[in-house]
Every structure is written in structure tokens, then in C-alpha cells.
Amino acid sequence: MHIAPHDNQNTPIVDAEDPTVPLNYFNIVKLTQGQSFEYQVPGYETCIVPATGTVDVEVEGVDFKALGNRGADVWDGEPEGVYVPVGAKVRMTCTSEATETFIAGAKYDGVLEPFDVRVPELDKVQYGSDDTKTHRKIKHILGQKQHGKVGRLLVSELFTVGQGGWSGFPAHKHDTDNLPHETRHDETYNFRFKPNHGSGVQILQREEGKPGDAYQLMDGSTICIDKGYHPCAVMPGYEMYYFTILGGLSQRSLVQFFQPTHAYQIETIPGIKDMVAKFK
């Protein structure tokens, strides 16, 4: 499902118990200097990631100061995050001129401890190639390094490298708990383009051998993926970014099932096996 770019006025774009992706939660909060925003999401663990600007975060009396260092856009610096336990009361305050901050969440029934993820703790992966039109960089905020400290939530930023190309290829899905071959993970994306008048396409093929749907992506588009194979692409001449939220039904580690008709191309894309191994 495609949610067109809009001013959500700091209300959830994907709320708790969403009918399409009930395992996910997503909000975008925009503040100016000195403004604060408070939230609490019962039943969901969350992660605060400034897309731009800087915020101070307080989680149940625990302070995380000066989170975020990016200026003009998501290409302008590295991401940082704060993990928020299930149902915790949070207050974030903008300390820069302005901020646009992502809040990612996943359904979970345990309560863990809050912590921050600064630039040195990011887990970065680069794979693919210009020749295969799959060159991509991933910055894991809640990834393999944080595995023992998080319940079901995976949070990453994905960048196309160069201008134009495919992402999420070979096509894969993760809509069924069928271990050890596949896990059920709902997934939500928010896209950005450079320059921001760029565009892309998200494919969602729900059944092998049958035509699926295609959605035109604009700067600020949100995609909710409940089931099916879901590669995406960006037009030539543009760079594409997407903020990625994964929430697992029965475990945190993601097991992707690659579409049988395209799975052989795993062997043709440099570094893709290392990429797959990092979604843990």
C-alpha cells in the first residue's frame, strides 16, 4: 500500500494495530527550535531517528542529549537513534533551528532498557555494483550490533549508490513464518530523492507468476508491505533513500525468501550475502 506524501501534523502515518502492517508503527515529527513532542505507544517498542536537525530525548527520566547531526537532508551526515522500550513515556525537544524526526516501531510484549546509537555504533554495509544496477549502501541503526538489546524491531537507512538502479533485488518476501526458510516481518518504508523532484517505483507482486501492483514513489512517499515480493527502483539521474522499519512476528532476525524465478541472481550481485546476514 502506498501512502502519498502529506503533512501528517505529527500524528502517526502508520498507527498501532494498522490493518495492513499491524507489526509496525511509524510517525514523522516536525519541530522548530524549543518545541517539544511527547508520545507513548503501548505494546510497541520504538526508535527515534532524526532525519534532519538535533533533538534532546528523555525516556522515563533517562536523558539522551544532542541526538542527530544532519543538516539539509538525509545525505548530509550520519544517522543516530534512541531505542525506546515498550510503552515508555518520551519527550523530545528540538535544539537546532528545526528538525524532522522519524519514529519507528514494532509490536513487542517485553520491556527492555533504553539506549542510544551514535555514529560509531552504526553497522554499515555496501553491496551490489554499477554493472548490475544494484549498487546500494545500508546503515543499520538497530541492526546486528544491537541484537541482544531489542525485541522485534529492525531499523535501517538504505541508499542507492550512484544515480538510478534497483534495490531489494533479487525480489524477496518475508510474509510467512516458515523457519528456517522464511520469517513473517511487516515492513514500512519512507522514501526521499536527491534532487527531491526525483521519482521511483515500488513493485509489489503478491503471487508468483501473476502480475502485481506498481506504485510511483515521490519524495516523502510511505510504503507498507504486508505480503509479496517487493523490489523498487529509482529513475536514472536521481539518488534514492528509504527509511526502513521491520517488525518480526516471532523473532527479530529476518529470513528472506528469494523469488524462485530470480534467486539465481544472488550469485551475480557482489556482497549480497553479507547484506542478508546483517538483518539480524
Side-chain angles (χ1 to χ4, degrees), residues 1 3 6-31 35-51 55-65 67-68 79-94 99-117 140-143 146-157 174-175 177 183-190 222-227 243-254 279-280:
M1 180 179 72
I3 302 171
H6 66 284
D7 182 4
N8 64 307
Q9 299 183 348
N10 295 350
T11 61
I13 295 172
V14 177
D15 209 344
E17 303 296 345
D18 181 84
T20 302
V21 283
L23 302 179
N24 290 170
Y25 175 90
F26 178 52
N27 196 1
I28 298 177
V29 175
K30 296 180 180 179
L31 304 171
Q35 287 185 324
S36 295
F37 177 81
E38 297 180 354
Y39 78 90
Q40 187 175 16
V41 191
Y44 288 74
E45 57 187 347
T46 59
C47 182
I48 296 169
V49 179
V55 295
D56 287 346
V57 178
E58 180 186 348
V59 183
E60 298 283 1
V62 181
D63 291 326
F64 302 96
K65 299 290 189 181
L67 183 76
E80 294 186 325
V82 165
Y83 172 80
V84 177
V86 171
K89 294 180 180 178
V90 185
R91 180 182 178 91
M92 68 174 80
T93 302
C94 177
T99 182
E100 179 182 19
T101 296
F102 299 137
I103 303 175
K107 184 181 282 190
Y108 186 53
D109 56 6
V111 179
L112 303 172
E113 295 296 322
F115 63 90
D116 57 353
V117 180
H140 293 283
I141 301 156
L142 293 183
Q146 292 77 32
H147 184 69
K149 302 162 71 174
V150 183
R152 295 282 187 268
L153 179 61
L154 293 153
V155 179
S156 305
E157 295 189 337
H174 37 75
D175 55 31
D177 258 351
T183 55
R184 158 76 187 279
H185 277 71
D186 290 351
E187 189 163 29
T188 298
Y189 301 143
N190 186 263
T222 298
I223 291 285
C224 299
I225 297 170
D226 56 343
K227 64 178 295 184
F243 184 72
T244 302
I245 305 165
L246 283 158
L249 177 65
S250 61
Q251 67 176 44
R252 182 167 184 264
S253 296
L254 173 70
F279 281 97
K280 305 295 182 185

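Note that this is a predicted model, so its numbers are computed, not measured. Every heavy atom of this structure was used, including side-chain atoms; hydrogens, water molecules and symmetry mates were not.
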*Asks:* Lys89 and Glu60: salt bridge (charged side-chain N to carboxylate O under 4.0 Å, His left out), yes or no, with the steps?
*Replies:* CA-CA 6 Å; Lys89 294 180 180 178; Glu60 298 283 1; over 6 Å; no

*Asks:* Spell out, as yes or no, whether a donor-acceptor pair under 3.5 Å connects the side chain of Asp177 to the backbone of Arg184.
*Replies:* yes

*Asks:* Taking Glu157 for its side chain and Pro79 for its backbone only, find out whether a donor-acceptor pair lies under 3.5 Å.
*Replies:* no

*Asks:* Please tell me if the side chains of Leu142 and Arg252 come closer than 4.5 Å, counting only heavy atoms from C-beta onward.
*Replies:* yes

*Asks:* Is the shortest heavy-atom distance from the side chain of Ser253 to the side chain of His147 under 4.5 Å?
*Replies:* yes

*Asks:* Will you find, in the side chains of Thr183 and His174, an N or O donor that is under 3.5 Å from an N or O acceptor?
*Replies:* no

*Asks:* For residues Val86 and Gly43, report the shortest heavy-atom separation together with the two atoms involved.
*Replies:* CG1-N, 3.5 Å

*Asks:* For Gln40 versus Pro42, what's the shortest heavy-atom pair and its separation?
*Replies:* O-CD, 3.5 Å

*Asks:* Any chance you could measure Ile141, atom CD1, to Thr244, atom OG1, to the nearest 0.5 Å?
*Replies:* 9.0 Å

*Asks:* Any donor-acceptor pair under 3.5 Å linking the side chain of Gln9 with the backbone of Thr11?
*Replies:* no

*Asks:* Quick check for you: to the nearest 0.5 Å, what is the distance between Leu154 atom CG and Leu254 atom CG?
*Replies:* 7.0 Å

*Asks:* Does anything in residues 102-116 pair up under side chain to side chain donor-acceptor pair (under 3.5 Å), and if so which pairs, sequence neighbours excluded?
*Replies:* Glu17-Lys107, Asp116-Arg118

*Asks:* Pair Asn27, Tyr39 - check side chain to side chain contact (heavy atoms under 4.5 Å, CB included), show working.
*Replies:* CA-CA 10 Å; Asn27 196 1; Tyr39 78 90; over 6 Å; no

*Asks:* Quick one: CE on Met1 to OG1 on Thr20, what's the gap to the nearest 0.5 Å?
*Replies:* 4.0 Å

*Asks:* My understanding is that only residues two or more places apart in sequence, or in another chain, count here; which of them pass ring pair (Phe, Tyr, Trp, His ring centres under 6.0 Å) with Phe243?
*Replies:* Phe102

*Asks:* Could you measure the distance from the CZ atom of Phe37 to the OG1 atom of Thr99? Nearest 0.5 Å is fine.
*Replies:* 12.0 Å

*Asks:* Can you confirm whether Gln146 sits close enough to Val117 that some side-chain heavy atom of one is under 4.5 Å from a side-chain heavy atom of the other?
*Replies:* yes

*Asks:* Starting from the C-alpha separation in whole Å, work towards a yes-or-no answer on side chain to side chain contact (heavy atoms under 4.5 Å, CB included) for Leu31 and Thr101.
*Replies:* CA-CA 8 Å; Leu31 304 171; Thr101 296; over 6 Å; no

*Asks:* State, to 0.1 Å, how close Ser36 and Thr93 come at their nearest heavy-atom pair, and which atoms those are.
*Replies:* OG-OG1, 2.7 Å

*Asks:* Within 45 degrees of the axis of the six-membered ring of Phe115 and under 6.0 Å from its centre: does Lys149 put its NZ or CZ there?
*Replies:* yes

*Asks:* Quick check: closest heavy atoms across Ile28 and Asn8, and the distance to 0.1 Å?
*Replies:* O-ND2, 2.9 Å

*Asks:* Would you check if there is a donor-acceptor pair between the side chains of Asn24 and Asp18 at a distance under 3.5 Å?
*Replies:* no

*Asks:* To the nearest 0.5 Å, what is the distance between CD1 (Ile3) and OH (Tyr189)?
*Replies:* 14.0 Å

*Asks:* Distance-only, no hydrogens or angles: does the His185 side chain make a donor-acceptor pair with backbone N or O of Ile245 under 3.5 Å?
*Replies:* no

*Asks:* Under the side-chain hydrogen bond (donor to acceptor under 3.5 Å, both in side chains) rule, collect the residues that match up with Glu100, sequence neighbours excluded.
*Replies:* Arg192

*Asks:* Which atom pair, heavy atoms only, marks the closest approach of Leu112 to Gly151?
*Replies:* CD1-N, 3.5 Å

*Asks:* Donor-acceptor pair, Glu187 side chain versus Leu246 backbone, under 3.5 Å?
*Replies:* no

*Asks:* Can you confirm whether Asp56 sits close enough to Asp63 that some side-chain heavy atom of one is under 4.5 Å from a side-chain heavy atom of the other?
*Replies:* no

*Asks:* Nearest heavy-atom pair of Glu80 and Pro50: which atoms, and what distance?
*Replies:* O-CD, 3.5 Å

*Asks:* Rounded to the nearest 0.5 Å, what separation is found between the CZ atom of Phe26 and the CD1 atom of Ile103?
*Replies:* 9.5 Å

